[in-house]
Amino acid sequence: MNLLYGLAFISLISISTAQDVPEYGQCGGIGYTGSTTCAAGNTCVVLNDYYSQCLPGASSSSISSTSTTSSGTTTTTTSTSPTATVSGFVKTSGMHFTLDDKPFTLVGANAYWVGLMNYDIADMNTAFADIAATGATAVRTLGFNEVTTPDGVAYYQSWNGSTPTINFGANGLENFDNVVAAAKAHGLRLLVTLTNNWSDYGGMDVYVNQLLGQGSPHDYFYTNATVIAAYKNYVKTFVTRYLNEPGILAWELANEPRCLGSTSATSGTCTVSTISNWAADISAFIKSIDTNHLVAIGDEGFFNDPGNPIYVYQGSLGIDFNANLNISTLDFGTFHLYPESWGEADSPGSFGSQYITDHATAMIASNKPVIMEEFGVTIANQNDTYAGWYSTILSTDLTGDLIWQAGSDLTNGPTPNDGYAIYPGSDVYVLDTQHAAALKVRDGSS
Ligand SMILES: *[C@@H]1O[C@H](CO)[C@@H](O)[C@H](O)[C@H]1NC(C)=O
Ligand SMILES: *[C@@H]1O[C@H](CO)[C@@H](O)[C@H](O)[C@H]1NC(C)=O
Ligand SMILES: *[C@@H]1O[C@H](CO)[C@@H](O)[C@H](O)[C@H]1NC(C)=O
Ligand SMILES: *[C@@H]1O[C@H](CO)[C@@H](O)[C@H](O)[C@H]1NC(C)=O
Ligand SMILES: *[C@@H]1O[C@H](CO)[C@@H](O)[C@H](O)[C@H]1NC(C)=O
């Protein structure tokens with residue numbers, strides 16, 4: 001006992017009392033008034049000003065130093081190094097991701113805006129620092145912006161009639177170089193989406209309208225040879241620029257490809273095989289150029305079960321998740337989860353857990369990783385709904401997830417908020433931090 005008393009002056013780590021914060025519990029941060037002592041075997045790690053957490057041992061991938069928090073308590077600070085080392089390429093092994101043959105946990109957030117808003121490098125660094133502080137390993141963002149009239153913001157391809165010109169300049173691909181560098185400086189890797197089903201930031205409809213005439217069917221994007229050649233030219237230029245870039249985790253063919261658009265015209269002939277054939281062709285094309293990076297679709301993960309009473313399981317939207325997992329040049333499956341937008345607002349929590357479980361079943365059948373790469377609710381209690389989904393991810397062993405979407409306070413104010421943005425210090429931000437740590441423990445990657 002005397003010996004322990006003496007040791008307490010040197011280290012608190014080996015002493016547990018009823019007051020000690022359990023593993024993964026909160027142990028500090030602005031506004032926090034509870035115990036700052038972690039249970040045996042854990043260290044109180046400052047993740048950001050608002051949240052310190054008891055983590056097993058001490059993080060080996062971060063730089064630790066001692067500092068004093070606003071409550072006057074001395075703790076171990078883990079600051080993500082501004083020059084974090086990102087090397088090697090993420091690969092897959094069965095249902096898992098690997099890096100240098102060791103487990104790699106894919107967890108993080110979407111930040112579509114980071115390369116589109118003319119943010120300077122300091123703001124990019126702030127945004128990525130906020131995401132990295134949750135324990136994230138990956139960020140999904142947009143690697144396109146199709147414009148017909150350049151208006152000063154960052155854009156990657158401009159169209160004059162049927163002629164596209166890729167923008168290599170400071171507000172074009174050089175801007176994206178800065179995005180990649182800032183992500184890497186915070187130990188993050190990017191999943192980069194190369195066009196959009198939606199007309200936000202141009203996307204598919206710009207190709208179709210400029211090449212085939214205004215009002216041409218949306219789904220000609222997937223079938224018209226002229227359009228496919230133009231898209232492949234863009235993809236080839238973008239992908240080739242980053243062939244040897246470890247800061248890229250994966251290429252994604254499109255954000256949320258679907259046959260139908262509610263406003264744009266459709267041919268009436270698009271089916272699930274239209275998009276599957278397109279995904280097979282484009283993914284094989286990328287693999288023929290780039291053998292370093294993973295490739296996925298970026299779709300919502302709909303099932304093709306005609307007659308199923310649930311809209312997103314009927315196949316009518318043009319996506320067959322199981323068929324797409326069979327495509328050999330696609331390395332992993334993606335799905336999105338927005339119960340409120342899909343007529344499931346009554347019980348978004350349980351609908352979402354079933355949707356996750358069904359994708360985990362497909363993951364096991366295909367023996368490929370599957371990630372929930374976008375999800376959100378606005379009406380329902382976000383924290384509790386997400387906590388339920390995270391628990392389903394852990395219980396089903398789903399490979400990973402990326403929340404929609406990250407938020408940061410930057411020089412000119414907060415980043416865009418569509419009702420889903422998670423800013424540092426919020427309940428969900430704290431929850432995400434706990435979730436990332438739990439996934440890493442599960443995967444043995446921390
Ligand atoms: C667009 O193309 C037309 C026809 O080739 C050309 O006259 C015009 O100058 C171009 N506009 C721009 C902004 O480059
Ligand atoms: C693509 O659309 C163009 C313009 O409408 C048309 O001339 C061409 O035949 C189409 N190609 C295919 C393969 O459908
Ligand atoms: C797909 O794009 C069309 C046209 O921009 C839009 O009307 C439709 O809502 C989009 N759907 C999805 C899921 O992106
Ligand atoms: C996927 O491939 C497996 C094995 O070849 C096959 O049994 C299954 O029917 C395929 N699934 C779909 C939806 O095409
Ligand atoms: C958020 O959910 C987690 C997990 O259920 C819970 O521990 C935490 O207390 C919740 N936070 C708030 C503010 O309700």
Side-chain angles (χ1 to χ4, degrees), residues 21-27 29-34 47 50-54 95 134-135 146-152 155 157-167 169 172 206 210-211 271-280 297 299 301-306 308 313-315 317-330 332-333 335 348-350 352-353 358-359 361-368 370 375-377 380-395 401 403 422-439:
V21 178
E23 197 161 285
Y24 304 122
Q26 184 171 5
C27 53
I30 294 170
Y32 175 77
T33 55
L47 298 174
Y50 299 93
Y51 194 74
S52 301
Q53 186 181 32
C54 294
M95 295 175 274
T134 64
E146 307 289 336
V147 301
T148 48
T149 311
D151 59 4
Y155 66 92
Q157 187 160 255
S158 65
W159 291 78
N160 178 5
S162 59
T163 306
T165 304
I166 295 175
N167 180 7
V206 169
Q210 299 302 122
L211 291 167
T271 66
V272 291
S273 52
T274 307
I275 294 182
S276 293
N277 291 341
W278 171 80
I297 297 183
D299 62 306
F302 301 139
F303 293 106
N304 180 27
D305 177 21
N308 190 302
Y313 284 70
Q314 291 167 354
L317 296 159
I319 291 292
D320 182 338
F321 186 72
N322 286 301
N324 293 338
L325 277 176
N326 272 357
I327 296 170
S328 63
T329 42
L330 292 172
F332 60 97
F335 70 96
S350 57
S353 283
D358 292 339
H359 285 87
T361 301
M363 167 189 79
I364 292 165
S366 70
N367 198 33
K368 284 183 182 179
V370 171
F375 58 93
V377 288
N381 179 319
Q382 279 185 330
N383 185 71
D384 292 348
T385 303
Y386 297 168
W389 291 350
Y390 290 157
S391 133
T392 303
I393 286 172
L394 286 167
S395 67
D401 61 90
I403 196 169
I422 304 300
Y423 296 94
S426 66
D427 296 347
V428 174
Y429 189 85
V430 172
L431 178 71
D432 284 348
T433 307
Q434 296 165 342
H435 173 61
L439 275 185

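As the structure lists them, so they are numbered: ligands from 1, and atoms in each ligand from 1.
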Picking from L431, D427, I422, what satisfies side-chain contact (heavy atoms from CB on, under 4.5 Å) with Q382?
I422

Just wondering, do Y390 and L439 contact through their side chains at under 4.5 Å, heavy atoms?
no

When you compare the side chain of D401 with that of W389, does any pair of heavy atoms fall below 4.5 Å?
no

Is there a polar contact, in the sense of an N or O pair closer than 3.5 Å, between N326 and ligand 4?
yes

Enumerate, one pair per line, all nitrogen or oxygen atoms of ligand 1 lying under 3.5 Å from a protein nitrogen or oxygen, stating the separation to 0.1 Å; write 'none' if no such pair exists.
{"from": "ligand 1", "atom 1": "2 (O)", "to": "N160", "atom 2": "OD1", "distance (Å)": "3.4"}
{"from": "ligand 1", "atom 1": "2 (O)", "to": "N160", "atom 2": "ND2", "distance (Å)": "2.3"}
{"from": "ligand 1", "atom 1": "11 (N)", "to": "N160", "atom 2": "ND2", "distance (Å)": "2.8"}
{"from": "ligand 1", "atom 1": "14 (O)", "to": "N160", "atom 2": "ND2", "distance (Å)": "3.4"}

Are T134 and D432 linked by a side-chain donor-acceptor pair shorter than 3.5 Å?
no

Determine, stepwise, if the pair H435 / Y386 fulfils ring-ring contact (aromatic ring centres under 6.0 Å, His included).
CA-CA 10 Å; H435 173 61; Y386 297 168; over 10 Å; no

Geometry only, no angles: is N383 polar-contacting ligand 5 at N/O separations under 3.5 Å?
yes

Counting from 1, what ligand 5 atoms have a heavy atom of L431 closer than 4.0 Å?
2 (O), 3 (C), 4 (C)

Does the Q210 side chain pair with the main chain of G161, one donor and one acceptor, at a distance under 3.5 Å?
yes

Can Y313 and N304 be said to form a side-chain hydrogen bond (donor to acceptor under 3.5 Å, both in side chains), step by step?
CA-CA 6 Å; Y313 284 70; N304 180 27; over 6 Å; no

